[in-house]
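Here it is, the structure in full.
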Amino acid sequence: MLTASRFSLLLAQRGGLEKLFCSTLAFLSMLSFAFFFVATIHLLATPENGHAFATALLEEDEEEDDSNKEDDEDEDDDDGDKGKEDEGKPKDDTKKKPEGTGGDGEDGKGGKTEVPANLSPDERYIREKLQDYLHPSTVKFEKDGRVILTFDFRKKSEEQEKIFSCKFGHGIKDAFRWTFRDEEWVIGGDIGLRLSDRGMAMINAWFTDDVEAEMEFLQCVNHAARHTAALIYATEKGKALGSNYGGQCAIYLNGQAQKTAGQTIPVVFNQIAKIKLAIQNELLEAHRQGKKKAELKFTRKGFEAGRIGILWGGSMAAIVPSLTITGKFDIKKMAAEMRKYFGDK
């Protein structure tokens with residue numbers, strides 16, 4: 001019995017030694033790995049070694065690029081014979097450069113593109129000077145002779161204060177001005193042109209009676225039957241065609257409606273309404289939120305040329321954040337107006 005007990009004790013001691021040995025071995029392995037990791041970081045942290053390591057990586061990338069270039073050259077050689085067959089054929093020069101000038105917006109980039117050579121002197125003058133005259137946020141000339149002008153009034157550009165026929169105010173009581181901060185950061189507010197009480201503001205650009213215009217409109221007071229908020233096309237003799245609230249077509253004389261079709265559509269508080277005016281082929285259309293709501297026939301005589309603008313009244317309070325005009329300039333009147341402005345003959 002004594003021998004057996006002693007033998008059992010020896011076995012227990014041996015098991016404990018094995019566990020101790022395994023634990024020590026695992027600790028030494030972890031210590032070795034930690035030492036290797038720290039040494040590697042230290043090596044790369046040294047400027048000379050870090051530079052050498054980066055150089056090696058760049059050399060590998062260059063070798064890959066060289067390999068890719070060689071593959072591309074092989075492909076070019078394969079296409080060489082095919083290119084020689086086309087040497088005698090005339091090249092296709094039908095592609096034209098974009099026509100127009102760039103404004104301050106995303107489409108414009110602020111530069112000017114080449115003006116086509118087949119324009120009259122007046123058309124050329126208009127295209128070359130238009131950006132400095134109207135200061136649109138973007139401008140684009142279409143192949144059919146139309147121009148697309150956008151005005152982002154949220155930018156409150158000082159240059160755009162000069163493009164209107166009426167006086168641009170800067171006081172809180174002025175009927176036509178930029179919004180103030182207290183009017184912008186409240187519920188139902190926005191940034192842009194601020195319209196108060198009543199008035200009429202025309203953009204100093206002459207169009208033919210083939211034109212469209214659309215404005216964003218935010219009303220700051222409860223709607224009333226006396227209110228007028230019209231996008232208009234007005235002649236120099238006081239006559240105008242208008243889209244009142246985008247739901248009613250109207251023919252105005254000195255700001256007073258003489259003939260109407262359709263009904264005004266109230267603007268919901270804190271919602272931007274898109275009011276559009278469209279004129280073509282002796283037909284006036286009123287659009288709201290992209291949908292035609294009314295139309296009215298008119299006689300073209302007396303409406304051959306006009307300016308786009310805004311007519312408001314009835315103790316109005318509203319904000320216009322943006323305006324877009326698409327149409328054809330009355331070249332003669334537009335060029336004359338611009339030459340007068342710049343002092344050119």
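Owing to the predicted nature of the structure, the values given are computational and were not obtained by experimental measurement.
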Inset, instruction - Kindly write out the residues that satisfy side-chain contact (heavy atoms from CB on, under 4.5 Å) with E304, not counting sequence neighbours, or none if the list is empty. - result: R300, K301

Legend entry - Contacts of R307 that satisfy salt bridge (Lys or Arg N to Asp or Glu O under 4.0 Å) - sequence neighbours left out: none

Legend entry - ring pair (Phe, Tyr, Trp, His ring centres under 6.0 Å) partners of residues 306-335, not counting sequence neighbours, each pair once: F176-W312, F207-F329

Inset, instruction - Kindly compute the distance separating CG (L193) from CD (Q160), expressed to the nearest 0.5 Å. - result: 8.0 Å

Legend entry - Heavy-atom neighbours of K274 NZ exceed 12 at 6.0 Å: no

Under 3.5 Å donor-acceptor pairs involving side-chain atoms of residues 335-345, not counting sequence neighbours:
| from | atom 1 | to | atom 2 | distance (Å) |
| --- | --- | --- | --- | --- |
| R339 | NE | K345 | O | 3.4 |
| R339 | NH1 | D122 | OD1 | 2.8 |
| R339 | NH2 | D122 | OD1 | 3.4 |
| D344 | OD2 | Y125 | OH | 2.6 |

Inset, instruction - Output yes when a side-chain donor or acceptor of D174 lies under 3.5 Å from a complementary backbone atom of G171, and no otherwise. - result: yes

Donor-acceptor pairs under 3.5 Å, side chain of residues 250-258 to any protein atom, not counting sequence neighbours: which ones?
| from | atom 1 | to | atom 2 | distance (Å) |
| --- | --- | --- | --- | --- |
| Q258 | NE2 | Q256 | O | 3.2 |

Inset, instruction - Considering only Ile, Leu, Val, Met, Phe, Trp and Tyr, and joining two whenever side-chain heavy atoms are under 4.5 Å apart, list the other residues clustered with I272. - result: L218, I319

Legend entry - Any side-chain donor near an acceptor of the partner, E236 and W206, under 3.5 Å: no

Legend entry - Side chain proximity check, P136 to F151, heavy atoms < 4.5 angstrom: yes

Inset, instruction - Check whether any side-chain heavy atom of L284 lies under 4.5 Å from a side-chain heavy atom of E295, and answer yes or no. - result: no

Legend entry - Side chains of R177 and H170 in contact at under 4.5 Å (non-hydrogen atoms): no

Legend entry - Co-members of the apolar cluster containing F180 [side chain, <4.5 Å]: I172

Legend entry - R288 to Y245, cation-pi by 6.0 Å centre distance and 45° axis angle: no

Inset, instruction - With the side chain counted from C-beta on, respond yes when F164 and M202 share a heavy-atom pair under 4.5 Å apart, and no when they do not. - result: no

Legend entry - Interatomic spacing from CD1 in I331 to CG in L119 - rounded to 0.5 Å: 8.5 Å

Legend entry - Euclidean distance, F298 CZ relative to E282 CD, rounded to 0.5 Å: 6.0 Å

Inset, instruction - Determine the sole option in I310, V320, L241 for which the side chain to side chain contact (heavy atoms under 4.5 Å, CB included) test with L231 is passed. - result: I310

Inset, instruction - To the nearest 0.5 Å, tell me how far S243 OG sits from E285 CD. - result: 10.0 Å

Legend entry - Side-chain hydrophobic cluster, 4.5 Å single linkage: members besides I265: none

Legend entry - Sidechain N-carboxylate O distance under 4.0 Å for E212, K276: yes

Legend entry - Test item: T324 and L149 side chains (from C-beta on) under 4.5 Å apart, heavy atoms: no

Inset, instruction - Please list all pairs passing the ring pair (Phe, Tyr, Trp, His ring centres under 6.0 Å) test where one or both residues lie in residues 273-294, with sequence neighbours left out. - result: none

Legend entry - Distance-only donor-acceptor check, side chains E184 and T179, under 3.5 Å: yes

Legend entry - T150 side chain to T138 side chain, donor-acceptor N/O pair below 3.5 angstrom: yes

Inset, instruction - Look only at the side chain of K259 and the backbone of C249, and say whether a donor-acceptor pair between them is shorter than 3.5 Å. - result: no

Inset, instruction - For the residue pair H227 and V221, establish whether any side-chain heavy-atom pair is separated by less than 4.5 Å. - result: yes

Legend entry - Co-membership, hydrophobic cluster, residues L277 and F153, 4.5 Å side-chain: yes

Inset, instruction - Check side chain to side chain donor-acceptor pair (under 3.5 Å) between R226 and all other residues, then give those that pass, not counting sequence neighbours. - result: none

Inset, instruction - Please identify each residue that fulfils side-chain contact (heavy atoms from CB on, under 4.5 Å) with K328, with sequence neighbours left out. - result: R146, T208, D210

Legend entry - Members besides I187 in its Ile/Leu/Val/Met/Phe/Trp/Tyr cluster (side-chain heavy atoms under 4.5 Å): F269

Legend entry - Carboxylate-amine/guanidinium contact K167 E161, below 4.0 Å: no

Inset, instruction - Report yes if the side chains of R194 and E183 come closer than 4.5 Å at any heavy-atom pair, otherwise no. - result: yes

Inset, instruction - Compare all side-chain heavy atoms of I148 with those of V139 and state whether any distance is below 4.5 angstrom. - result: no

Inset, instruction - Verify the neighbour count for atom CG of N222: are there more than 12 heavy atoms of other residues, nucleotides or ligands below 6.0 Å? - result: no

